[in-house]
Novice: 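Following this message is one structure expressed as structure tokens.
Below, chain A is the first sequence line, B the second, and so on; all start at residue 1. Below, all heavy atoms of this structure are taken into account, side chains as well, without hydrogens, waters or symmetry copies.
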2 protein chains.
Amino acid sequence: MKVLDELSKTHLALSQSELESTFRKVDRITLYRALRDFEEAGIVHKIVDMNGTTRFAICSDDCPDATHNEEHVHFNCQRCHKMFCLQHTHIPDIQLPPGFTHSGINVLVQGVCNKCS
Amino acid sequence: MKVLDELSKTHLALSQSELESTFRKVDRITLYRALRDFEEAGIVHKIVDMNGTTRFAICSDDCPDATHNEEHVHFNCQRCHKMFCLQHTHIPDIQLPPGFTHSGINVLVQGVCNKCS
DNA sequence: TATACAAACGCAACAGTGTTGCATTTATTT
DNA sequence: AAATAAATGCAACACTGTTGCGTTTGTATA
């Protein structure tokens, strides 16, 4: 699929509308369903950025099927508004209050990326 | 304002529709504008949960005006779907790749809360 | 107290997104 | 080539975010 190709080319997490404009011939519903299926299949992971926009990124090789984005940090640049998957920035342990069990963590850092700074 | 009262009563982060059903007489636009203004004034903070739903929570006393939710961890229970502000669970330092500067962090933990477990 | 002005409110409206059903097209199997 | 399954596109609908505008409510001033 071209969608996967496109996502593989970058380590950015792309929104559906960004993907739509890349291939303008594809219907948004088709894309929506493709992304949904990819996510269920554990091929891509979904993240919501600081503006509430849903974005998708390819899962890396070492991305455990079920846990996905719990493994790395996402970075949202406030200049270029791109969202990066910081593949090698791992998420530290977080101590939860008693009674709370964790099954997934999402860390979203906002700031300025290396190209914009 | 009743909205602030309602948010103060709980440490949960409420969505706009949850707030709307609490006081059914209020127009959704009025509520929207109130929440927007409260957020700009640094009285409440806004967080997007794992489903992309925007939620609002009262800022605690020690919530620094500008940085808001960077101070504590948010917890999304996958049973009751409530979102908790874990006021006392602080966010650990995260080492970013060179060139990336951070101005805010958002940590969202998914799991089962103390009441549901 | 009556008038003038400002703030809060509610409605209409529109765009974007998530989601489903259905019909049509495209592939695959026999 | 026919039958079946899968992928695609469209219509439609709900919900959210957002803005403009007119109306109501409240406050201040003459």
Novice: Expressed as a whole number of angstroms, how long is the span from A:Leu31:CG to C:dT20:P?
Specialist: 16 Å
Novice: State which residues pass ring pair (Phe, Tyr, Trp, His ring centres under 6.0 Å) with A:Phe56; sequence neighbours excluded, sorted by chain then number.
Specialist: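 Scan of A:Phe56 (ring pair (Phe, Tyr, Trp, His ring centres under 6.0 Å), adjacent residues dropped) gives none.
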Novice: Does one hydrophobic cluster hold both B:Ile91 and B:Leu96, with members joined at side-chain heavy-atom distances below 4.5 Å?
Specialist: yes
Novice: Is the shortest side-chain N/O distance from A:Tyr32 to OP1 or OP2 of C:dT19 below 4.0 Å?
Specialist: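 It does, given that an N or O in the side chain of A:Tyr32 lies less than 4.0 Å from OP1 or OP2 of C:dT19.
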Novice: What are the 5'-most and 3'-most nucleotides of DNA chain D lying under 4.0 Å from any heavy atom of chain A?
Specialist: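 It runs D:dT8 to D:dA12.
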Novice: Under 4.0 Å between a side-chain nitrogen and a carboxylate oxygen: does that hold for A:Glu39 and A:Arg36?
Specialist: no
Novice: Is it the case that over 12 heavy atoms from other parts of the model lie below 6.0 angstrom from the CG atom of A:Asp93?
Specialist: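 Not buried by this count: 12 neighbours or fewer within 6.0 Å.
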Novice: In Å, rounded to the nearest 0.5 Å, how long is the span from OG1 of A:Thr30 to CZ of A:Phe23?
Specialist: 12.0 Å
Novice: Does CD in B:Gln78 sit with more than 12 non-hydrogen atoms of other residues, nucleotides or ligands closer than 6.0 Å?
Specialist: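 Yes, CD of B:Gln78 has more than 12 neighbouring heavy atoms, counting only those of other groups under 6.0 Å.
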Novice: For nucleotides 8-13 of chain C, give me one character per nucleotide, 5' to 3': B if any protein heavy atom sits under 4.0 Å from the base, S if the only such contacts are to the sugar-phosphate, - if neither.
Specialist: -SBBBB
Novice: Is there a side-chain contact (heavy atoms from CB on, under 4.5 Å) between B:Val48 and B:Arg55? Walk through the geometry before answering.
Specialist: CA-CA 6 Å; B:Val48 179; B:Arg55 295 173 169 279; over 6 Å; no
Novice: Counting just side-chain N and O atoms, does A:Ser17 come under 4.0 Å of either OP1 or OP2 of C:dG16?
Specialist: no
Novice: Check the pair B:His72 / B:His74 against ring-ring contact (aromatic ring centres under 6.0 Å, His included), numbers first and verdict last.
Specialist: CA-CA 7 Å; B:His72 64 269; B:His74 291 111; 4.7 Å; yes
